[in-house]
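Encoded as structure tokens, the structure appears first; notes follow it.
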Amino acid sequence: MDDLEALRLKLNEAVQEAQDSDALEAIRVDALGKKGQITTLMRGLSNIAPEDRKASGQAFNALKSEITKAIEIRQTTLADIELDARLAADRIDVTLPSRPECDGCIHPISQTIDEVVAILGEMGLSVEAGPDIEDDWHNFTALNIPSDHPARQEHDTFYLPSGPNGERKVLRTHTSPVQIRTMQNGNPPFRVIAPGRTYRCDYDATHSPMFHQIEGLVVDENTHMGHLKGCLIEFCRAFFRVDDLPVRFRPSYFPFTEPSAEVDIGCTREGGAFKIGHGDDWLEILGCGMVNPNVLKNCGINPDKYQGFAFGMGVERLAMLKYGIPDLRTFYESDLRWLRHFGFSALDVPSMVGGINR
Ligand code: DAH
């Protein structure tokens, strides 16, 4: 019985001194586990003389309950201590200054595309897309640019290595092939714009091997040159936000349109100052024309029933003119100082109502 008292004191002391739940668990296993000291005592009851067995059993049970209870109490205390420690360690110091927030901004190319899409979208044109890697037929032939046509040389095309059938794909040199894909895959009428990347082997202050264009195509039974002019005059005025912007259609040549025109807007270039919308000078901003009947035929559309107009413009050029960006190469240098200067806040989205509203 003295031994039992010694064990009782020893276990109680160990429980009180356990510093964390792991230590307490080790004590529980040592006392009450399968091979624990109290468990072993209870198993040995059958070896005790019958007359002492009852008293010993009661004593063992009392010890077991006492230690179980002590462990439970200590467990609760330790859990509180551990929680307090965790709360203290994880405490958020609300007086610390916040980390500087790094606002992203919209690249002028994305902004310009959004603005053009918003203006033309309001006129009923919807966005189409096509692949950057094109075949010769969509990029040239279907657009009435046959293999011996000089326009092919002017495009400074990037050719991909030839495929198994000897065909050489190209990085599209303009967004015009999206016209072809749209007409092949649907039925007229068509009213689409296709913004996207285009590629030509050229690099200087106004050219980059990868650049962006926006193509437009409107085809219906009675579409005529008046629609082309109305649409593009309205577009130029909304985009440059000059209500009475002078717009001029100058005869030109593109294989895929007949007649073709280049669109100029009024500007001044006096004493090195350049200003859009005033003065008697002109600046070319896009190409356009009535879709050549051969192009309609190539897409399986009857040119006697349908006619339309198309236009194409360079996004970088529009952005440079509108936002005064002097060098086209800077668009792709990812210089954060440049982006912060010329970029747009994400909240500056163009409104779809009444043109652009920033
Ligand atoms: N594809 C022409 C280019 O890259 C731009 C263009 C001009 C597109 C006239 C057109 C158009 O749709 O009608 O220079």
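What you are looking at is a predicted structure, and each value in this text was computed from that prediction instead of being measured. One-based numbering, in listed order, for ligands and for the atoms of each.
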Side-chain atoms of residues 279-286: list all donor-acceptor pairs with protein atoms under 3.5 Å, sequence neighbours left out, distances to 0.1 Å.
from: Asp281; atom 1: OD1; to: Arg269; atom 2: NH1; distance (Å): 3.4
from: Asp281; atom 1: OD2; to: Arg269; atom 2: NH1; distance (Å): 2.8

On the 0 to 90° scale, with breaks at 30° and 60°, tag the Phe311-Phe309 ring pair as parallel, tilted or perpendicular.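 Answer is parallel, since the angle falls under 30°.
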Glu82 versus Ser21, side-chain donor and acceptor atoms under 3.5 Å: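 Looking only at side-chain atoms, Glu82 and Ser21 do form a donor-acceptor pair, the distance falling under 3.5 Å.
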Does either side chain, that of Thr141 or that of Asp136, offer a donor lying less than 3.5 Å from an acceptor on the other one?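 Yes, Asp136 and Thr141 have a side-chain donor paired with an acceptor closer than 3.5 Å.
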Could Arg8 and Glu5 be called an ion pair, given the rule that one side-chain N must be under 4.0 Å from one carboxylate O?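 Yes, this pair counts.
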Would you mind checking if Arg172 and Asp132 are paired as a salt bridge, meaning a charged N to carboxylate O distance below 4.0 Å?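 Counted as a salt bridge, because a side-chain N and a carboxylate O are separated by less than 4.0 Å.
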As a test of reading the model: which residues have a non-hydrogen atom less than 4.0 Å away from ligand 1?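 Lining ligand 1: His174, Ser176, Gln179, Arg200, Gln213, Glu215, Phe254, Phe256, Thr257, Gly287, Cys288, Gly289, Ala310, Phe311, Gly312.
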